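Okay, structure first, notes after.
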2 protein chains.
Amino acid sequence: MIHKEGKAVVIPTAVIKRLPKYHRHLGKLLKKGVEKISSREFGEIVGVSAPQLRQDLNHFGNFGQQGYGYNVEKLYNALAKVMGIEKKSNMVLVGVGNLGQALISATDFKRRGFNLCTAFDINPRLVGMTINGIKVRDIANLEQYIKDNDINIGIIAVPEETAQDVADKLVLAGVKGIWNFAPVDLKVSKEVSVENEHLTEGLLRLSFKIKGEI
Amino acid sequence: MIHKEGKAVVIPTAVIKRLPKYHRHLGKLLKKGVEKISSREFGEIVGVSAPQLRQDLNHFGNFGQQGYGYNVEKLYNALAKVMGIEKKSNMVLVGVGNLGQALISATDFKRRGFNLCTAFDINPRLVGMTINGIKVRDIANLEQYIKDNDINIGIIAVPEETAQDVADKLVLAGVKGIWNFAPVDLKVSKEVSVENEHLTEGLLRLSFKIKGEI
DNA sequence: CCTATATTGTTAAAAAAATAACAACAGAGG
DNA sequence: CCTCTGTTGTTATTTTTTTAACAATATAGG
Ligand SMILES: NC(=O)c1ccc[n+]([C@@H]2O[C@H](COP(=O)([O-])OP(=O)(O)OC[C@H]3O[C@@H](n4cnc5c(N)ncnc54)[C@H](O)[C@@H]3O)[C@@H](O)[C@H]2O)c1
Ligand SMILES: NC(=O)c1ccc[n+]([C@@H]2O[C@H](COP(=O)([O-])OP(=O)(O)OC[C@H]3O[C@@H](n4cnc5c(N)ncnc54)[C@H](O)[C@@H]3O)[C@@H](O)[C@H]2O)c1
């Protein structure tokens with residue numbers, strides 16, 4: 001729960017969805033050496049109106065200064081803190097198939113404090129391999145590993161048929177969040193957060209925009 | 001533009017975002033042999049209230065029947081038509097790296113009428129290879145291929161630095177939609193639709209839900 | 001054929017989100 | 001030190017989205 005001036009406030013989900021985008025663009029500005037930016041300029045960059053941007057940010061604190069704007073570095077760090085990035089996350093991947101191997105090789109996550117510790121699969125031909133420095137272990141060892149290594153995020157990249165089963169195992173072992181790539185709506189206890197990447201849905205939305213009509 | 005009773009109506013974006021999920025669950029019900037379903041039951045399955053479900057569907061037509069509910073197969077086909085799935089899409093992939101290769105191997109898309117025709121890369125070691133039946137061509141041939149083969153969707157799976165450049169090429173060649181996996185907000189002419197899969201943003205949202213506070 | 005039941009399509013109300021307006025204030029320049 | 005400019009934080013307004021309510025109607029059972 002988030003608090004502001006002592007009171008608990010609920011952050012609108014619409015706001016939460018935009019934060020990562022703000023953070024990403026601030027990172028790019030920082031790299032370019034931009035020191036300060038106004039809500040109008042920044043809003044234009046991220047594709048959001050200036051008032052909305054200010055309102056969004058003010059849910060978490062007053063990061064700007066009248067007549068000046070926002071200090072890019074300060075805002076970048078503030079948002080990182082808001083999203084909890086400065087507290088490192090330990091992750092495990094389950095399912096080392098086509099997608100799982102791509103995720104193992106992705107560089108973006110590590111830069112932002114997400115640490116992929118190991119991967120699990122059920123296929124004996126994969127178990128024991130090391131891919132891009134990540135060891136593949138037998139799914140049977142999942143629970144013990146999660147408990148021993150302070151893992152709080154599990155990534156699901158298994159076929160849809162086994163996704164719920166894997167999710168159950170992850171929850172039982174004690175992860176706090178699941179990043180799910182299987183085209184399934186997982187049922188988990190409500191203390192665990194799930195973020196779905198239903199890629200095919202994105203493609204269908206694109207199709208609708210291009211060709212949809214009655 | 002969508003028309004209903006002769007009048008042009010704008011479909012709320014919130015509705016559009018939910019359609020693919022409805023379609024996916026209808027597919028599963030159909031497979032299970034379920035013949036009819038009420039808005040209450042179906043709403044429970046997809047995680048949406050019954051009135052909202054009815055209102056969503058009624059943007060496109062009256063698919064239900066009082067006292068009976070919705071015929072699953074009929075609704076499934078109607079939604080497919082609404083989203084333009086029955087008109088097949090030809091796609092090309094640009095960027096045959098870790099993620100690109102995973103996408104080539106994905107089976108979900110084909111089943112829904114999305115036909116990946118070929119892939120392009122700039123790396124001469126990849127050009128000429130065939131992966132899962134998909135031939136990898138030189139990026140120099142992109143424009144000609146798209147024009148010759150009635151391609152309407154381009155998938156971008158190249159590094160962020162070259163993504164805008166690839167997008168420009170795709171637009172110039174005449175695609176109608178871009179499915180973008182690079183962590184960049186592409187600038188394209190407004191006749192072209194873009195659907196972003198900014199995976200890292202999903203991970204950050206998960207982090208926020210788990211650890212975010214002030 | 002008539003009645004009771006189930007469930008829709010549609011209109012109305014409430015809630016959430018986005019946009020607009022503006023007073024407050026920091027900093028620059030005279 | 002004062003005034004003008006730029007830009008924030010915040011409150012008010014509008015728009016969009018969600019939820020609720022209910023009349024209309026198809027089906028099933030007697
Ligand atoms: N490949 C893509 O680009 C893509 C795109 C969209 C969605 N997806 C989804 O991602 C998931 C994975 O796709 P993929 O193409 O990598 O599939 P895949 O078949 O290549 O890989 C699945 C892996 O999961 C392992 N596995 C299966 N059951 C398991 C279990 N109970 N415990 C541990 N490991 C198990 C398999 O051994 C295999 O290595 C699927 O649900 C798919 O629908 C993939
Ligand atoms: N790997 C993942 O799981 C993952 C996750 C999230 C986001 N992404 C994003 O997806 C994109 C691709 O990631 P990846 O891991 O596959 O990278 P990668 O480096 O493995 O592959 C990129 C491919 O693009 C090709 N390429 C580069 N410039 C090109 C050009 N101008 N024209 C044609 N081809 C070109 C390269 O030769 C290479 O084969 C990146 O933008 C990355 O940020 C990847």
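These numbers come from a predicted model, not from an experiment. The chains referred to below are lettered A, B, ... by the order of the sequence lines, with proteins before strands, and numbering in each begins at 1.
In this structure, the nucleotide among C:dA17, C:dG9, D:dT10 sitting nearest to the side chain of B:Y70 is C:dG9. Taking the side chain of B:P12 as heavy atoms from C-beta on, and the options C:dT10, D:dT17, D:dT10, the nearest nucleotide is D:dT17.
The aromatic rings of A:F120 and A:Y145 stand perpendicular to each other, their planes meeting at an angle above 60°, with 30° marking the opposite boundary.
When atom types are taken as modelled, the side chain of B:S207 and the backbone of A:M83 share a donor-acceptor pair closer than 3.5 angstrom. In this structure, the side chain of A:N180 engages the main chain of A:V184 through a donor-acceptor pair within 3.5 Å.
Every residue meeting the salt bridge (Lys or Arg N to Asp or Glu O under 4.0 Å) condition with A:D165, not counting sequence neighbours, appears here in chain and number order: A:K169. Shown here are the ring pair (Phe, Tyr, Trp, His ring centres under 6.0 Å) partners of A:Y68, two or more places apart in sequence or in another chain: there are none. Listed by chain and number, the residues in a ring pair (Phe, Tyr, Trp, His ring centres under 6.0 Å) with A:F181 are A:W179 (sequence neighbours excluded).
At whole-Å resolution of the value, CZ in A:R54 and P in C:dA23 are 14 Å apart. Here the P atom of nucleotide D:dT17 and the CD1 atom of B:I11 are 11 Å apart, to the nearest Å. At whole-Å resolution of the value, CG in A:N71 and P in D:dT8 are 13 Å apart. The separation between B:Q52 atom CD and D:dT16 atom C1' is 12 Å, rounded to whole Å. For B:D56 and D:dT18, the CG to C1' distance is 10 Å, given to the nearest whole Å. Atom CG in B:L53 sits roughly 12 Å away from atom P in D:dT18 (whole-Å rounding). Straight-line distance from the CZ atom of A:F63 to the P atom of D:dT10: 12 Å, rounded to whole Å. As rounded to whole Å, 11 Å separates atom C1' of D:dT10 from atom NE2 of A:H59.
Using a cutoff of 4.0 Å between basic side-chain nitrogens and carboxylate oxygens, A:D168 and A:K187 are not scored as salt-bridged. Remark: A:R205 engages B:E195 in a salt bridge, criterion side-chain N to carboxylate O under 4.0 Å. Residues B:E160 and A:K28 are paired through a salt bridge, judged by an N-O separation under 4.0 Å between the basic side chain and the carboxylate.
For the residue pair A:S89/A:K176, the side-chain donor-acceptor check at 3.5 Å is not satisfied. Under the 3.5 Å distance criterion, with hydrogens and angles disregarded, no donor-acceptor pair is assigned to the side chains of A:Y76 and A:N71. For A:Q52 and A:D56, the side-chain atoms include no donor-acceptor pair closer than 3.5 Å.
Residue contacts shown for A:P51 include a base, since a base heavy atom lies under 4.0 Å away.
The phosphate of D:dT18 has neither OP1 nor OP2 within less than 4.0 Å of any side-chain N or O from B:S49.
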Tabulate protein N/O versus nucleotide N/O from nucleotides 11-14 of chain C, keeping only pairs under 3.5 Å, one per line.
from   : atom 1 : to    : atom 2 : distance (Å)
C:dT11 : O4     : B:Q55 : NE2    : 3.1

Between the protein and nucleotides 27-30 of chain D, which nitrogen or oxygen pairs are less than 3.5 angstrom apart?
from   : atom 1 : to    : atom 2 : distance (Å)
D:dT27 : OP1    : B:Q65 : NE2    : 3.2

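Non-hydrogen atoms lying under 4.0 Å from DNA chain C are contributed by A:R18, all within residues 17-48 of chain A.
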